[in-house]
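The structure under discussion appears below in the form of structure tokens.
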Amino acid sequence: MQQNIILIGFMGVGKGTTARAFAKKYGLYNIDTDDLIESKENKEVKQIFAKKGERYFRKLEQQTADWIETSVTGTLISCGGGFYQVKNLNKMGKVVLLDASFDWIHSRLKNAKNSAKKLAKRPLFHEPKKAKKLYKEREAAYKKVADVVVNVEGKSRDEICEEIAQKCGI
Ligand code: S3P
């Protein structure tokens, strides 16, 4: 596989979990844009938001996108929920949207074993009402940039991986 696969979607839809399962199943490397930013800044995302603000974080996302575009091939890349806004997203690889309703995502996060941790690390999900508003604002924009859409509700991780592979021609 020469082209990267870029997994986008709202916070908590399961991009990280899917990316790890997909990478293992198809023998690929997986990198995550939040992880790249955290290691470059030597700070957690929530600390970057608290200390430097969201605008600064978005600049880091654009820098990360520029690096990926020029330096990464044949890799599965999972992205933070706002990463779809970078200007060169479609030049980075094939863009796959993991899609689900807000209520499904909310209950996935609430019912997770490590729910408190999952919510704590996501500053934009601290207030469900605000998160729902953000979801509504982004819904159409995600679909606009996506080459492929995979609805994840009610599907096993393996089924999701197979659907991605089939839709990406792997
Ligand atoms: C964000 C999503 C987060 C992280 C940051 C901002 C967003 O990633 O990048 O908190 O704007 O939706 P996840 O989608 O992995 O939670």
Side-chain angles (χ1 to χ4, degrees), residues 4-23 29-68 72 75-89 92-93 95-146 148-153 157 160-161 164:
N4 297 313
I5 295 181
I6 315 293
L7 277 193
I8 63 162
F10 201 67
M11 291 172 274
V13 75
K15 290 164 292 184
T17 324
T18 302
R20 285 186 291 276
F22 191 94
Y29 282 106
N30 156 227
I31 56 178
D32 180 90
T33 60
D34 281 347
D35 291 347
L36 291 168
I37 289 171
E38 289 189 339
S39 61
K40 181 169 175 290
E41 292 289 293
N42 195 20
K43 275 193 193 70
E44 290 177 16
V45 167
K46 64 172 187 228
Q47 294 174 313
I48 302 173
F49 266 73
K51 294 201 172 127
K52 305 250 180 134
E54 181 170 347
R55 257 180 81 158
Y56 179 76
F57 179 76
R58 300 300 172 203
K59 273 195 198 154
L60 295 172
E61 288 193 313
Q62 185 57 59
Q63 278 176 23
T64 307
D66 294 342
W67 175 73
I68 292 170
V72 183
T75 298
L76 186 73
I77 297 157
S78 47
C79 302
F83 196 88
Y84 75 99
Q85 298 173 73
V86 298
K87 55 181 192 293
N88 50 341
L89 187 75
M92 289 168 43
V95 179
V96 177
L97 170 65
L98 295 189
D99 194 28
S101 68
F102 180 80
D103 291 343
W104 185 90
I105 291 172
H106 192 203
S107 66
R108 177 179 181 268
L109 283 179
K110 266 196 315 204
N111 299 329
K113 252 188 271 155
N114 47 352
S115 176
K117 202 173 148 209
K118 279 187 179 293
L119 288 168
K121 75 171 195 181
R122 295 184 162 96
L124 297 179
F125 216 118
H126 288 171
E127 290 176 53
K129 257 195 178 162
K130 280 195 186 163
K132 186 165 187 168
K133 188 167 170 276
L134 190 62
Y135 177 94
K136 288 200 166 149
E137 283 166 14
R138 287 182 177 172
E139 214 177 356
Y142 280 135
K143 298 216 165 101
K144 209 168 160 193
V145 294
V148 160
V149 180
V150 174
N151 189 290
V152 299
E153 285 186 41
R157 205 50 60 195
I160 296 167
C161 289
I164 295 171

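Order of listing sets the numbers, starting from 1, for every ligand and every atom in it.
For Phe57, the heavy-atom gap to ligand 1 drops under 4.0 angstrom. In this structure, Arg58 counts as a contact residue of ligand 1, since one of its heavy atoms falls inside 4.0 Å of the ligand. Residue Lys46 places no heavy atom under 4.0 Å from ligand 1.
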Which is it for Lys15 and Phe83 under the side-chain contact (heavy atoms from CB on, under 4.5 Å) test, yes or no, and what are the steps along the way?
CA-CA 12 Å; Lys15 290 164 292 184; Phe83 196 88; over 6 Å; no

What's the verdict on side-chain contact (heavy atoms from CB on, under 4.5 Å) for Ile5 and Phe22, showing C-alpha distance, side-chain angles and the deciding distance?
CA-CA 10 Å; Ile5 295 181; Phe22 191 94; 4.0 Å; yes

As a quick check of understanding, evaluate side-chain contact (heavy atoms from CB on, under 4.5 Å) for Thr18 and Val150, giving each step before the final call.
CA-CA 11 Å; Thr18 302; Val150 174; over 6 Å; no

Apply the test side-chain contact (heavy atoms from CB on, under 4.5 Å) to residues Arg58 and Val86: give CA-CA distance (whole Å), side-chain angles for both, the deciding distance (0.1 Å), then the verdict.
CA-CA 8 Å; Arg58 300 300 172 203; Val86 298; over 6 Å; no

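Under the 4.5 Å side-chain criterion, counting only non-hydrogen atoms from C-beta, His106 is in contact with Phe125. Contact check for Ile37 versus Glu61: side-chain heavy atoms found under the 4.5 Å cut-off. Put simply, the side chain of Ile164 reaches to within 4.5 Å of the side chain of Leu98, judged on heavy atoms.
Neither the backbone nor the side chain of Leu134 has a heavy atom within less than 4.0 Å of ligand 1.
Closest to atom 12 (O) of ligand 1 among all protein heavy atoms lies Arg138 NH1, 2.7 Å. The protein atom (non-hydrogen) at minimum distance from atom 7 (C) of ligand 1 is Gly82 N, 3.3 Å. The protein heavy atom nearest to atom 9 (O) of ligand 1 is Asp34 OD1, 2.8 Å. Residue, atom and distance of the protein heavy atom nearest to atom 2 (C) of ligand 1 are Gly81 N, 3.2 Å. Nearest protein neighbour of atom 16 (O) of ligand 1, counting heavy atoms only, is Arg122 NE, 2.5 Å. Closest to atom 14 (O) of ligand 1 among all protein heavy atoms lies Lys15 NZ, 2.5 Å.
The Val45 neighbourhood of ligand 1 comprises atoms 5 (C), 10 (O), with distances under 4.0 Å to a heavy atom of that residue. Near Pro123, meaning under 4.0 Å from any of its heavy atoms, are these atoms of ligand 1: 10 (O).
Aromatic ring pairs are classed by plane angle as parallel below 30°, tilted from 30° to 60° and perpendicular above 60°; the pair Phe57 and Phe49 is tilted.
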